[in-house]
Chemist: 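I am attaching a structure below and will ask some questions about it afterwards.
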There are 2 protein chains.
Amino acid sequence: MTTAKTRPDPMAILEDHGYRSTAPRRAVVDILRRKEDGFTAEEIIDDLPGIGRATVYRTIRLLLEAGVLCKLALPDGAPKYTLSTVEHHHHTICVRCGTVDTFRDTTMERLMRAIGDDVSGDIVGHRIEVYVTCGRCLTQVRS
Amino acid sequence: MTTAKTRPDPMAILEDHGYRSTAPRRAVVDILRRKEDGFTAEEIIDDLPGIGRATVYRTIRLLLEAGVLCKLALPDGAPKYTLSTVEHHHHTICVRCGTVDTFRDTTMERLMRAIGDDVSGDIVGHRIEVYVTCGRCLTQVRS
DNA sequence: GCCTGCAATGATACTGAGTATCACTACAAG
DNA sequence: CTTGTAGTGATACTCAGTATCATTGCAGGC
Ligand SMILES: [Mn+2]
Ligand SMILES: [Mn+2]
Ligand SMILES: [Zn+2]
Ligand SMILES: [Zn+2]
């Protein structure tokens, strides 16, 4: 059970998209590669006092466009981001502690395609977020 | 084919929750009862120059808590609200013109319950939004 | 119908997240 | 190295939403 998953280097992906490898971008990428959990933009900014807010936001936008990051819209508050694995997936978010987890459900994807018959127009995307009280929070509540 | 659906009066619902029936609240409720489509908070504020921003936001919050409104998180930009029918439902949002529609899919709800086995912790809610290019926008693109 | 307490209002100032600007910096190609 | 240009970051700004608080007006008691 290794926690380190082999994932393509986000910086390499940015370079493939024609962007330069710069020290600030590498710093941002290094930080968020270490985050197993979801993180906010402001979190990254605080972790990197030497790097301007604008650069952090710009780097996040590039990584989103490159598909390296997922953007989660929480019920309220600032969005969270997670490193995206290659496979299409969705997220559970603990409403108590904010922990983000991923899940995959191929039935869901099939269902989404079936819904195409119910809705007028062409489906171009979807967002599915499941709000949970996570296992750890459940045990805390009961103790 | 009547467009006016018989829905419980949002103001009456607020009164049931112990809130006063005031002129500003009635004005807000009157406006948004007329909107078949999704609307933003700022839209309501612009429609009611005599009423303070704070009051509009406060009224929207009360209606959300009372379950009268749904709040939609668009991919980016300010959230939209829609009057909620009693039945649980979800929304399609046209990525081109922003039109909001509703759909129901009981299979989806059954599936959500099935997912409970896959995720750790208790499911307390979910958000499903389907992004589309609506029928009207499709015909415009092709003309 | 009037008092009156307290809920509600709204002008204003504020916060927080994100973006535009622009003079400056540093990457990378030659 | 030199050099054009992509990238940076301090700063000022926008935009959505919230806190404050003096004033207003609703609703229940009389
Ligand atoms: Mn999906
Ligand atoms: Mn549902
Ligand atoms: Zn939790
Ligand atoms: Zn449309």
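Chain letters run A, B, ... following the sequence lines, proteins first and then strands; every chain starts at 1. Note that this is a predicted model, so its numbers are computed, not measured.
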Chemist: Donor-acceptor pairs under 3.5 angstrom involving side-chain atoms of residues 48-55 of chain B: please list them, not counting sequence neighbours.
Modeler:
{"from": "B:R53", "atom 1": "NH1", "to": "B:E42", "atom 2": "OE2", "distance (Å)": "2.9"}
{"from": "B:T55", "atom 1": "OG1", "to": "B:R58", "atom 2": "NH2", "distance (Å)": "3.4"}

Chemist: Report the residues that fulfil side-chain contact (heavy atoms from CB on, under 4.5 Å) with B:R20, sequence neighbours left out, ordered by chain and then residue number.
Modeler: B:T22, B:R25
Chemist: Who pairs with A:D101 by side-chain contact (heavy atoms from CB on, under 4.5 Å), at least two apart in sequence or on another chain?
Modeler: A:T92
Chemist: Extract all donor-acceptor atom pairs below 3.5 Å that involve side chains of residues 63-70 of chain B and protein atoms in other chains or at least two apart in sequence.
Modeler:
none

Chemist: Just to verify, what does B:T102 make a side chain to side chain donor-acceptor pair (under 3.5 Å) with, not counting sequence neighbours?
Modeler: none
Chemist: Please tabulate the protein-to-nucleotide N/O contacts below 3.5 Å involving nucleotides 3-6 of chain D, giving atom names and distances.
Modeler:
{"from": "D:dA6", "atom 1": "O4'", "to": "A:R20", "atom 2": "NH2", "distance (Å)": "3.3"}

Chemist: Check every nucleotide of DNA chain C for an atom under 4.0 Å from a heavy-atom of chain A, then give the first and the last such nucleotide from 5' to 3'.
Modeler: C:dA17 to C:dA28
Chemist: Could you tell me the separation between the CG atom of B:L72 and the C1' atom of D:dA16, rounded to a whole number of Å?
Modeler: 17 Å
Chemist: Mind checking what makes side chain to side chain donor-acceptor pair (under 3.5 Å) contact with B:R26, not counting sequence neighbours?
Modeler: B:S21
Chemist: Going by the salt bridge (Lys or Arg N to Asp or Glu O under 4.0 Å) test, which pairs reach into residues 9-18 of chain B, not counting sequence neighbours?
Modeler: B:D9-B:R33
Chemist: Output the residues of residues 42-51 of chain B in contact with DNA chain C, where contact means a heavy atom of the residue under 4.0 Å from an atom of the strand; sort by number or write none.
Modeler: B:G50, B:I51
Chemist: Enter the inter-axis angle for the ends of the helix from C:dG1-D:dC30 to C:dG30-D:dC1 (five pairs per end, rounded to 10°).
Modeler: 30°
Chemist: Quick one: side-chain contact (heavy atoms from CB on, under 4.5 Å) partners of A:P75, sequence neighbours excluded?
Modeler: A:Y131
